[in-house]
Amino acid sequence: MIRSFLTVSTGTLASRLLGFARDSLIAALLGTGAVADAFLAAFQLVNVVRRLLSEGALNAALIPAWLRVRDRDGAAEAAAFAGRVLGTVSAALIAISLLIALLMPLIMTVIAPGFLGSGTLDLSVENARLMLPYLAFAGPVTVLMGLLNAQGRFTLTAFSPLLFNIALIAAIAMLLVGRAEAGFAAWILAASVGLAGLLQLLMLLSQRSARLATPLRVSFDKEMRGFFAKAIPGMIASSGPQWLMVAGAIIASATPSAVSWLYFANRLIELPLGIVGVAMGTVLVPELTRAVASSDRDAVAHAESRALELAAGLALPATLGLIVLAEPIVRLLFEHGAFAAEDSAATARALMWLALGLPAHVLIKALSPAFYARSDTMTPLLATAIGFMVAVVLGVLLGHFFGASGIAASIAAGAWSSTLSLLRKGAGEFGFSIDAAARTRLPRIVLAALAMGALLWLTAGLLPAETHGFKIHGLTKFVVLALQIAAGIAVYGLLLQILGAASWREAVNALKRPSR
């Protein structure tokens, strides 16, 4: 399970790093004005749908259903079932895309009510419509990736999202070289989103993965209706962080540049969330489905315990690091071109509050598979709805007094509300199985993370923005920040070993063992 986790995490890390490069270039290209707000509001809408479908979300329903059909009826029937899913999802998304295109002015008014009555609304509608072709490609891509994950084949699905960011980076680079006007640049960039989705689909179709879903058919029979009744709640629930950001964007749209500040702050949250959370959802669902189906309580306890350890072990130091080093990280990554120093300060403040919700987001990714493996997608959906409502109510109140930082705090509170809801429901229905090793390791992981956070806090002020009137060179900032992060990681790893929370020799030996 850890080997598969590392495969997915590595691919997600590479994609997220490219995403940082992409967003840094977007910040330099568009800045934080009306054009940027319009583009990012539209892009956030597409991102929600992308995450709704991809990054492990569809695993929640597709993998348990496909495994049941394969184990009960054989590989041929499983391929036929997958072919009906692929054909139906593709046809449905084409129809939905056309409907969304017609209703886009209304949709963008709901998503960004603060744009109403300004030219920003028209720009966001135009950008969103140009991005819509992506949805037609996202459906088949997601189904093919889910089928590969069900078979324990994670490498291709982990690295295929790289093409999305590579295509957008290429488009941005050409626009920067050509010194394109901001409005025209946003238009070209929006049109490039669909091309990025097409590239991802073509790569998957060039492999043998398409043979897992044959023959291709559109069907709305009883079996398909039952599948979608499970799939749709699971897909919505798996995209909880994106729905919370949508809630934040709705409220922030009334404040100039706040949508942009929250977007860029959230991009930094998505790096550790993607590395840990996406990999957790992708790998845990098939692992727990097999254990629950065979009534193997020890296997269930082992999977849930290791998942919780990984979630805490990676999310806690990331949270503390982002809080302590928020401003230097934001300045280094985004303060270029049209992105000014005041934008960096506002984005860093929002990042500190958003980071408080990171452990909750990761815990949701670790807890939800226990419900999905039992074919329960409604409980995670209800937890997501609770978190969304908490974020909206608090966002209206805190946003009025504290602006983007208050909205960021409300998003973190919404994430923790969803987590507590899942914990309460799971403990009451089946009880989360945590073994003795996890009960011993978890407090030690927390202690090691706190020590690492203290080290970063003590060294955070080593490099001021200016020295004797001279600004510090960007390369020097990068080197100092990289050394701080490397030192924090080294101290954290050493403390985990000393405290007995992890044995790196055992971990390496486990990775060398042949797969099951």
Side-chain angles (χ1 to χ4, degrees), residues 23 26-27 29-52 97 99-135 180-194 239 241-267 334 338-340 342-343 346-347 350 354 388 391-408 410-411 414:
D23 288 335
I26 290 175
L29 184 67
L30 303 181
T32 59
V35 172
D37 280 355
F39 176 82
L40 293 174
F43 192 53
Q44 194 153 273
L45 172 64
V46 173
N47 254 341
V48 167
V49 178
R50 184 163 72 97
R51 302 285 169 78
L52 191 70
S97 298
L99 179 63
I100 290 176
L102 292 174
L103 299 176
M104 190 59 73
L106 176 61
I107 293 171
M108 291 308 302
T109 300
V110 172
I111 291 176
F115 293 171
L116 194 61
S118 69
T120 309
L121 179 63
D122 296 331
L123 288 173
S124 64
V125 169
E126 183 177 313
N127 286 335
R129 281 174 170 164
L130 287 170
M131 296 177 191
L132 275 179
Y134 177 83
L135 302 187
E181 183 269 331
F184 176 75
W187 187 86
I188 294 296
L189 196 54
S192 302
V193 171
S239 302
Q242 285 68 49
W243 290 115
L244 291 176
M245 283 306 300
V246 167
I250 290 171
I251 300 165
S253 63
T255 304
S257 297
V259 172
S260 300
W261 295 334
L262 284 172
Y263 174 84
F264 289 117
N266 187 58
R267 291 300 299 154
F334 299 124
F339 200 90
E342 53 268 27
D343 296 318
T347 302
L354 285 177
F388 186 88
V392 169
V393 173
L394 289 180
V396 171
L397 295 174
L398 297 178
H400 178 72
F401 293 103
F402 304 106
S405 296
I407 297 170
S410 71
I411 292 171

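Starting from 1, each residue takes its place in the sequence as its number.
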Let me check something: any side-chain donor-acceptor pairs from residues 99-106 under 3.5 Å, sequence neighbours excluded? List them with distances.
none

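Looking at Phe334 and Asp343, their side chains never come closer than 4.5 Å, going by heavy atoms from C-beta outward. At a threshold of 4.5 Å between non-hydrogen side-chain atoms, the residues Glu126 and Phe39 do not count as touching. Counting heavy atoms from C-beta on, the side chains of Val193 and Leu130 never come closer than 4.5 Å.
Residues Leu262 and Ala252 approach most closely at CD1-CB, 3.6 Å, considering heavy atoms. Nearest heavy-atom pair across Leu30 and Ala185 is CD2-CB, 4.4 Å. Contact detail for Ala186 and Val35: the closest heavy-atom pair is CB-CG1, 3.9 Å. Residues Leu244 and Ala391 approach most closely at CD2-CB, 3.7 Å, considering heavy atoms. Pairing each heavy atom of Ala258 with each of Ala404, the nearest pair is CB-CB, 4.3 Å. When all heavy atoms of Ser260 and Leu40 are compared, the closest pair comes out as OG-CD1, 3.7 Å.
Scored by the ring pair (Phe, Tyr, Trp, His ring centres under 6.0 Å) test, Phe115 finds no partners at all (sequence neighbours excluded).
Atom CG in Leu132 sits 5.5 Å away from atom OG in Ser97 (nearest 0.5 Å). A distance of 9.5 Å separates CH2 of Trp187 from OG of Ser192, quoted to the nearest 0.5 Å. Note that CG of Leu397 and CD1 of Ile251 are 9.0 Å apart. Values are rounded to the nearest 0.5 Å. Separation of atoms CD1 (Ile188) and CG (Leu29) is listed at 11.0 Å; rounding is to 0.5 Å. Taking CZ of Arg267 as the reference point, atom CG of Leu354 lies at 13.0 Å (rounded to 0.5 Å). Separation of atoms CG (Leu123) and CE (Met108) is listed at 10.5 Å; rounding is to 0.5 Å.
In this model, a donor atom of one side chain and an acceptor atom of the other lie less than 3.5 Å apart for Tyr263 and Asp23. The closest side-chain donor-acceptor pair between Thr120 and Asp37, if any, does not fall under 3.5 angstrom.
Looking only at distances, no side-chain donor or acceptor of Asn127 sits under 3.5 Å from a matching main-chain atom of Ser124.
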